[in-house]
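Quantities reported herein were computed from a predicted structural model and do not represent experimental measurements.
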Amino acid sequence: DVSFEELDKQFGKQSVLSRAEKKKLWKKYRGKYVRWQGIVLYKGMGRVDWNRVGVSRQQGKKAEVEILFDWRMFSEVINIRIGSTVTYRGKLVSRSGIDAPYRLEDGDIE
């Protein structure tokens with residue numbers, strides 16, 4: 001159970017950790033499941049990217065998290081509305097980088 005704020009404090013732009021320290025610490029979080037809440041900023045519209053949803057804690061910002069879903073979640077993802085607040089969970093697979101959000105796989109929407 002780690003909050004977005006706690007994780008972002010360690011890996012985000014405000015982090016005081018070196019790249020090497022971040023890389024070492026990331027091993028503790030990679031593959032762990034998180035449960036967070038945010039506003040849907042975008043979702044894939046095509047047959048190839050329908051399963052991608054970008055979420056941020058605030059409206060009008062860039063996506064801070066991109067969630068990837070599998071086919072079991074097709075109908076739920078299709079019914080998500082941009083601008084709505086959702087609680088989601090997923091497995092951390094990559095950390096934030098330059099203009100890249102945290103990425104979650106095995107996504108689920110509550």
Side-chain angles (χ1 to χ4, degrees):
D1 289 335
V2 62
S3 70
F4 178 88
E5 292 77 12
E6 182 181 334
L7 191 73
D8 203 49
K9 190 181 292 183
Q10 296 176 40
F11 297 105
K13 292 178 180 157
Q14 299 83 16
S15 176
V16 295
L17 299 175
S18 70
R19 287 174 62 186
E21 290 171 320
K22 287 179 183 179
K23 185 176 180 178
K24 183 177 178 182
L25 182 61
W26 179 248
K27 292 177 184 178
K28 173 183 171 185
Y29 293 103
R30 185 169 189 190
K32 303 290 184 196
Y33 281 81
V34 294
R35 182 178 177 268
W36 294 334
Q37 187 175 49
I39 300 167
V40 176
L41 299 183
Y42 68 83
K43 64 181 202 170
M45 301 299 285
R47 292 188 334 193
V48 175
D49 68 350
W50 69 267
N51 64 333
R52 296 178 186 272
V53 175
V55 178
S56 180
R57 290 171 293 152
Q58 297 177 342
Q59 186 71 38
K61 291 185 75 178
K62 288 184 176 182
E64 297 169 309
V65 178
E66 184 173 76
I67 312 158
L68 301 173
F69 299 89
D70 69 19
W71 282 102
R72 294 175 292 153
M73 295 296 296
F74 181 80
S75 62
E76 287 86 347
V77 173
I78 294 302
N79 290 319
I80 294 172
R81 296 191 190 280
I82 294 174
S84 62
T85 300
V86 295
T87 300
Y88 57 93
R89 63 184 294 274
K91 180 173 62 172
L92 285 164
V93 292
S94 67
R95 61 185 170 94
S96 180
I98 298 171
D99 286 338
Y102 293 98
R103 184 165 284 169
L104 306 179
E105 287 182 349
D106 194 23
D108 189 17
I109 297 287
E110 296 181 9

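Taken to the nearest 0.5 Å, the NZ atom of K61 stands 10.5 Å off from the CD1 atom of I39. Here the NZ atom belonging to K28 is positioned 12.0 Å from the NZ atom belonging to K24, to the nearest 0.5 angstrom.
Looking only at side-chain heavy atoms (C-beta outward), S15 and K9 stay at 4.5 Å or farther from each other. In this structure, the side chains of Y29 and Q10 come closer than 4.5 Å at one or more pairs of heavy atoms. Residues D8 and Q14 are in side-chain contact: their nearest non-hydrogen atoms beyond the backbone lie under 4.5 Å apart. Between Q59 and L41, the closest side-chain pair of non-hydrogen atoms falls below 4.5 Å. No side-chain heavy atom of V93 sits less than 4.5 Å from a side-chain heavy atom of L104. Looking at L92 and L7, their side chains come closer than 4.5 Å, going by heavy atoms from C-beta outward. L68 has its side chain within reach of R52: a pair of non-hydrogen atoms, C-beta onward, lies under 4.5 Å apart. Between T87 and I109, the closest side-chain pair of non-hydrogen atoms is not below 4.5 Å.
Residues I80 and I82 share a single hydrophobic cluster, defined by chaining ILVMFWY side chains whose heavy atoms lie under 4.5 Å apart. In this structure, L17 is a member of the same hydrophobic cluster as W26, with clusters built from ILVMFWY side-chain heavy atoms closer than 4.5 Å. Under the 4.5 Å side-chain heavy-atom criterion for ILVMFWY residues, a single connected hydrophobic cluster contains both F4 and V86. Y88 and Y33 are not part of a single hydrophobic cluster, where members link through side-chain heavy atoms under 4.5 Å apart. Linking Ile, Leu, Val, Met, Phe, Trp and Tyr whenever their side-chain heavy atoms come within less than 4.5 Å leaves Y42 and V65 in two separate clusters.
Relative ring orientation between W50 and F74 is described as perpendicular, the plane-to-plane angle rising above 60° on a 0-90° scale split at 30° and 60°.
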Next on the checklist: Run R57 and E5 through side chain to side chain contact (heavy atoms under 4.5 Å, CB included) and show every step you take.
Outcome noted: CA-CA 10 Å; R57 290 171 293 152; E5 292 77 12; 3.4 Å; yes
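For Y102 and F11, the ring centers sit 6.0 Å or farther from each other.
Sorted by first and then second residue, the salt bridge (charged side-chain N to carboxylate O under 4.0 Å, His left out) pairs involving residues 101-110 (not counting sequence neighbours) are R35-E110, E66-R103, R72-D106.
Checking side-chain atoms of K43 against main-chain N and O of I78 turns up a donor-acceptor pair under 3.5 Å. With hydrogens and angles ignored, the 3.5 Å screen pairs a side-chain donor or acceptor of N51 with a backbone N or O of F69.
Looking only at atom types and distance, the side chain of S56 has a donor-acceptor partner in the side chain of E64 under 3.5 Å away.
Annotation for K62: atom NZ does not count as buried by contact number, only 12 or fewer foreign heavy atoms lying within 6.0 Å.
Of all heavy-atom pairs spanning P101 and A63, the tightest one is CB-O, 3.5 Å. Considering every non-hydrogen atom in both S84 and R81, the closest pair reads OG-O, 2.6 Å.
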